[in-house]
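These notes are about the structure you will find just below.
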Amino acid sequence: MIIRYLYRIVARQPNNPLKWINPAIRQKLHLLHSPLAHWKMLSSVQTPRLLRFQSFSLKCLHTHPTTTPPPPHSQILTIRKSLLSREISAVDLAGTFLNRLRNTEPHLKSFLYVSDVVLKEAEEIDRKIAENEELGPLAGVLVGVKDNICTSDMPSTAGSKILENYRPPFDATAVGKMKKCGAIVIGKTNMDEFGMGSTTEGSGYQVTANPWDLSRVPGGSSGGSAAAVSARQCMVSLGSDTGGSVRQPASFCGVVGLKPTYGRVSRYGLVAYASSLDVIGCFGSSVADAGILLHAISGHDKFDATSSKKEVPDFASQFTARDHLDSKPLKGLRVGLIRETIEDGVDPDVISSIRGAASHLEELGCTVTEVSLPSFSLGLPAYYILASSESSSNLSRYDGIRYGKQVFADELNSLYGESRAGGLGSEVKMRILMGTYALSAGYYDAYYKRAQQVRTLVRESFRAALDENDILISPAAPSAAYKIGEKKNDPLSMYAGDIMTVNVNLAGLPALVLPCGFVNSSSVALPVGVQMISAAFEEEKLLKVGHIFEQTLQGCSFIPPLVADELAC
């Protein structure tokens, strides 16, 4: 069983989980393909050494040979200005995006449901403009919403057949806040069933393609939301991030993905996978758009006891136009490059892009050093034990009686069993079994309790590193997007791809992923994202650094070939 393999990582040495190496187990786990192939654990944080990145340059491909593409701009702010000046109507704007969605959707399959009231809501915005009524900060902004976030006027199936055609009687708090700000929900995006997957191949309905290469995955589990923003089917979108489900798809699709601090955004209305790890996150084509969307959905919610009462800062105040930046806009910022994320097992082109990003940060005035997180490699197995355990509990409600499609049966036990067997996918069933096993009598201490202890080690490791650095950086994934079907039958290899992201969820920290370069595949250049991590509730710092980074990045255009010609017109 997979759970036994995970256990061997977390609990083989009960006296000190930080000081063991077992190459035989490593080989069995197929983790030689992960960025931590050596799996050498350090007993303490080594003295960081100053990095020299002069030999690395941030080479961006897929650009026009004679022109320098402009830096990403905020679609939200641009659209607001155009609406208020009446250069364009909300109806015309919505029609443009709907037409693009209809043209690209047969290739991408990003959406499970498209709203039939988009133009009606756009007409209402035009009416408010005509009558000089006050507009919300998201007026006219078309937003895609991941299918595990409840919407009262559209189905919310979490990508599962067991919830087919389910329509919640309420909006998730995040959705309600967006609507109050004037946003228009264009539709519900595809996802891995209940958020369990890294490719969006685990959806109960369809497989989403990557806009950069239709033969490749968009990442997951929020692959539909990332692909929709990348292909400009919508302006921004909401996803959920339990172990990297916003950040990894952002890297694969060449968009910005923002995972907020646990508690920054209410989880009310988010279909639960692992409640201590789940957060609602944001996708945008620019850092500014992701920050504006985050500001709109953040804040305390009486319906979510885990939501924070901390004041939500004005993230937009951190955005400075490139023309107003000095030569060293990030002078004095201390940046730590996580050593374990650039070792063997990571695609060499990905490492080159991340080192190029570090070099770019140095040019902006940052001091970049290499740091070690001693517990980094333990995070992956601990995460899968904790997430599977929590999902085993959370998904027990889908029994055909309380929630979910009901199968007719002569007796109660058969009704439960047949409803769940027919409604839940194979990956979901496997994780439920893993979690139930880990929580069972006689195994709780060996699995779940030990994983919680590792979680504490991960938090302490991040705290120590962030005491010495303002932000940490790493790849968002060990590779660029891979082929559809390439890892579907190799779950351990797929799980290992989450190594860069799961630790952030275990620690409850915020992280921002933004595109920083490309790697060459056989047919097309594929985007690569750099992950920036800060201390809890310091999203403001991440957005400031990320915005300056993307505004000063030269020669990069992160518009996929699928829509590049249309958008160039």
Side-chain angles (χ1 to χ4, degrees), residues 1-32 34 36-44 194-198 242-244 262 272-278 340 373-396 420 424 426-462 490-499 501-508:
M1 288 180 64
I2 292 175
I3 190 72
R4 293 186 181 277
Y5 291 151
L6 297 177
Y7 168 70
R8 291 178 187 179
I9 294 177
V10 180
R12 174 62 75 178
Q13 296 294 330
N15 294 327
N16 189 346
L18 291 181
K19 294 183 177 179
W20 62 269
I21 301 174
N22 190 324
I25 293 173
R26 179 178 61 211
Q27 187 173 9
K28 280 186 177 182
L29 280 168
H30 298 196
L31 286 174
L32 287 172
S34 82
L36 299 162
H38 295 301
W39 288 79
K40 179 179 179 181
M41 296 308 304
L42 305 173
S43 59
S44 61
F194 287 107
M196 300 181 187
S198 303
T242 305
Y262 184 84
Y273 166 19
S275 301
S276 72
L277 300 166
D278 295 338
E340 289 83 354
L373 299 185
S375 59
F376 192 85
S377 63
L378 295 177
L380 183 67
Y383 164 80
Y384 272 102
I385 287 175
L386 295 174
S388 297
S389 297
E390 293 186 29
S391 70
S392 171
S393 174
N394 281 327
L395 269 62
S396 64
R420 288 169 69 82
L424 299 176
S426 58
E427 179 68 24
V428 174
K429 292 174 186 175
M430 183 174 69
R431 297 198 193 194
I432 289 174
L433 289 172
M434 288 168 58
T436 303
Y437 182 82
L439 292 174
S440 60
Y443 296 99
Y444 176 91
D445 288 348
Y447 294 102
Y448 186 79
K449 181 179 178 181
R450 188 62 56 84
Q452 288 285 24
Q453 292 170 337
V454 170
R455 186 176 193 171
T456 300
L457 293 175
V458 170
R459 285 174 175 165
E460 292 300 322
S461 184
F462 270 114
D490 187 1
L492 289 178
S493 177
M494 189 181 298
Y495 296 168
D498 296 333
I499 187 69
T501 53
V502 295
N503 287 277
V504 176
N505 294 82
L506 292 173

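The side-chain heavy atoms of Arg455 and Leu277, taken from C-beta on, include a pair separated by under 4.5 Å. Side-chain contact check for Tyr262 versus Asn505: every heavy-atom pair is 4.5 Å or farther apart. Put simply, the side chain of Tyr437 reaches to within 4.5 Å of the side chain of Tyr447, judged on heavy atoms. Side-chain contact between Asn394 and Phe194 is absent, with no heavy-atom pair separated by less than 4.5 Å. Side-chain contact check for Glu340 versus Asn503: every heavy-atom pair is 4.5 Å or farther apart. For the pair Phe462/Val504, a side-chain contact is recorded, criterion being any heavy-atom separation below 4.5 Å from C-beta on. Proximity of Ile432 to Leu424: side-chain heavy atoms (C-beta onward) are separated by under 4.5 Å at one or more points. Residues Lys449 and Gln452 fail the side-chain proximity criterion, which asks for heavy atoms closer than 4.5 Å.
Scanning all heavy atoms of the two residues, the minimum distance from Ser389 to Leu439 falls at O-CD1, 3.4 Å. Scanning all heavy atoms of the two residues, the minimum distance from Ala451 to Ile385 falls at CB-CG2, 3.9 Å. Of all heavy-atom pairs between Val458 and Gly379, the closest is CG2-CA, 4.3 Å. Closest heavy-atom contact between Glu390 and Ala274: OE1-C, 3.1 Å. Nearest heavy atoms, Tyr273 versus Gly195: CE2-O, 3.7 Å.
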Verdict with supporting geometry, Met196 and Leu395, side-chain contact (heavy atoms from CB on, under 4.5 Å):
CA-CA 12 Å; Met196 300 181 187; Leu395 269 62; 3.7 Å; yes
Decide yes or no on side-chain contact (heavy atoms from CB on, under 4.5 Å) for Tyr383 and Val454, but give the supporting numbers first.
CA-CA 9 Å; Tyr383 164 80; Val454 170; over 6 Å; no
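Atom CE in Met430 sits 9.0 Å away from atom CG in Leu433 (nearest 0.5 Å). From Leu378, atom CG reaches atom CG of Leu373 across 11.5 Å, with rounding to the nearest 0.5 Å.
No donor-acceptor pair under 3.5 Å is formed between the side chain of Asp278 and the backbone N or O of Ala272. Looking only at distances, no side-chain donor or acceptor of Ser375 sits under 3.5 Å from a matching main-chain atom of Ser461.
Pairs of residues two or more places apart, or lying in two chains, that qualify as salt bridge (Lys or Arg N to Asp or Glu O under 4.0 Å) and include a residue from residues 430-446 are Glu427-Arg431.
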